[in-house]
Amino acid sequence: MKLNGGLVSMEEEYVFAQAAQRARRFAAAHPDARLISLGIGDVQGPLCPAATRAMARAVREQGRRRSFHGYGPEQGYQFLRQAISSELTRRGAPVPARDIFISDGAKSDLGGLLDLIAPGGQALLCDPTYPAVRDDCLIRGLRVNTVAGSPSDGFLPMPPPGSLAPDVIYLCSPANPTGAVYTRAQLAAWVDYARQRESLLLFDAAYAPFIGDESLPRSIYEIPGAEECAVELGSFSKLAGFTGTRCGYTVLPAALCCRGVPLQALWRRRQAARFNGVAYVVQRGAAAVLGPNGRRQTERALAVYRANARLLESTLTEAGIPHWGGLHAPYLWLACPQGLSSWGFFDFLLEYGWLVGTPGVGFGPAGEGYFRLSAFGDPDTVELAAERFLHALDYLR
Ligand code: PLP
């Protein structure tokens, strides 16, 4: 057997696993320490009542012969595709239901979409970036090129000059880990770049529900021409607490072609080979999230995370620490004080604040010297964490 070299070359552990391991070691050595994690990328739940009621109804349907559903349509049930289409259209990105593919979350399709690219192709990623995508590229045998973000561009890297013609570009806005959000003009520049170079632009909109400013784009399809180069990935995970329930969607427009081959047909074929759809019960729950009650209820839950992010943002301002994100995202990205490295600040916060965050270097080399805080927590805990954060900084002065 010849092993997949890309997989073998991957670093052994994901940054989150490494951070969790260090935190566990610290907790074992300091049994009195009550650690608080500001490192979590997971929501705290629970699912909204509209979703759980719809799922309970769907479970009962599955228990009766006449309403039972077996294998569903691979592209997803029409009721959910239509609900997503209406939601995107309502927000200014008209996408027909026929272009929507229901997935079990954005992560699976981010990896799966790389099947459209020939092995050995070129990928262009931002640095720092959501690390799963870098791993996906390595597994697929793609060559990874990066464009680094920095304080000077607000961690919103723009297309690089030069002759690189990437087969695939990955953008995430609001971004994990920086929480930075591209403007319309910036996304338009990326769409132009992708069209000129005939690149496939993967636009990860998993955190779009956190955008509270109408002037910022929530979907790549708000940008003219995007339907000719971009695939968008959406998720119910952060929108509605579906991280453990699993539902997302991929928009692949009918107009998207590569050398005359429509990618939609290719993706449908790939899905038929590799995917058997998302559970009927889950799709009913997701559709309920987009109904009038579900929208109201999820908005209330999102408001809690937004308030947490604002509190963390004002804490960093008070501490005089340069930071990004947090206004339209559940993440804050900060420059480690006193020139500490990412892991140096991790260990410092653990020891002096009993706080766990995420070292920026885990998201790429350009993340060295930076640190990510997450606003996914209950408000009392986040408030206590903010106090401890300020208190810990006293030890640095
Ligand atoms: N994209 C980004 C940028 C993420 O941060 C995450 C999860 O943290 C995902 C995608 C995965 O989303 P899903 O739960 O829909 O697979």
Going from CZ on Arg195 to CD on Glu228, what distance comes out if it is rounded to the nearest 0.5 angstrom?
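The CD atom of Glu228 is 4.5 Å from CZ of Arg195, to the nearest 0.5 Å.
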Rounded to the nearest 0.5 Å, the CZ atom of Arg197 sits from the SG atom of Cys229 at a distance of 12.5 Å
Between [X] and [Y], is there a shared hydrophobic cluster once you connect ILVMFWY residues whose side-chain heavy atoms come closer than 4.5 Å?
| X | Y | value |
| --- | --- | --- |
| Trp190 | Leu252 | no |
| Leu38 | Leu316 | yes |
| Leu384 | Phe376 | no |
| Ile211 | Leu290 | no |

What I want to find out is whether Glu313 reaches Arg306 closely enough, with some N-O distance under 4.0 Å, to be called a salt bridge.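 Result for this pair is no, no salt bridge flagged.
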Any Lys/Arg nitrogen of Glu87 or Arg91 sitting under 4.0 Å from an Asp/Glu carboxylate oxygen of the other?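 So Glu87 pairs with Arg91 through a salt bridge.
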Residues passing the side-chain contact (heavy atoms from CB on, under 4.5 Å) test with Pro217, sequence neighbours excluded, are Arg184, Leu187, Glu222
- So, for Tyr130 and Phe363, is the gap between ring centers shorter than 6.0 Å?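 That pair fails the under 6.0 Å test.
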**Asked** Is it true that His328 and Tyr207 have ring centroids separated by less than 6.0 Å?
**Response** no
- prompt: Between the side chain of Ser342 and the main-chain N/O of Pro359, is any donor-acceptor distance below 3.5 Å?
  reply: no
Looking at Ser103 and Gly105, would you say the former's side chain and the latter's main chain have a donor-acceptor pair under 3.5 Å?
yes
From the list Thr315, Thr178, Thr317, side-chain contact (heavy atoms from CB on, under 4.5 Å) with His323 holds only for Thr317
Checking Arg81 against Tyr249: charged group under 6.0 Å from the ring centre and within 45 degrees of the axis?
no
Pick one: which of Trp333, Tyr182, Tyr331 meets ring-ring contact (aromatic ring centres under 6.0 Å, His included) with Phe155?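 Only one of Trp333, Tyr182, Tyr331 forms a ring-ring contact (aromatic ring centres under 6.0 Å, His included) with Phe155, namely Trp333.
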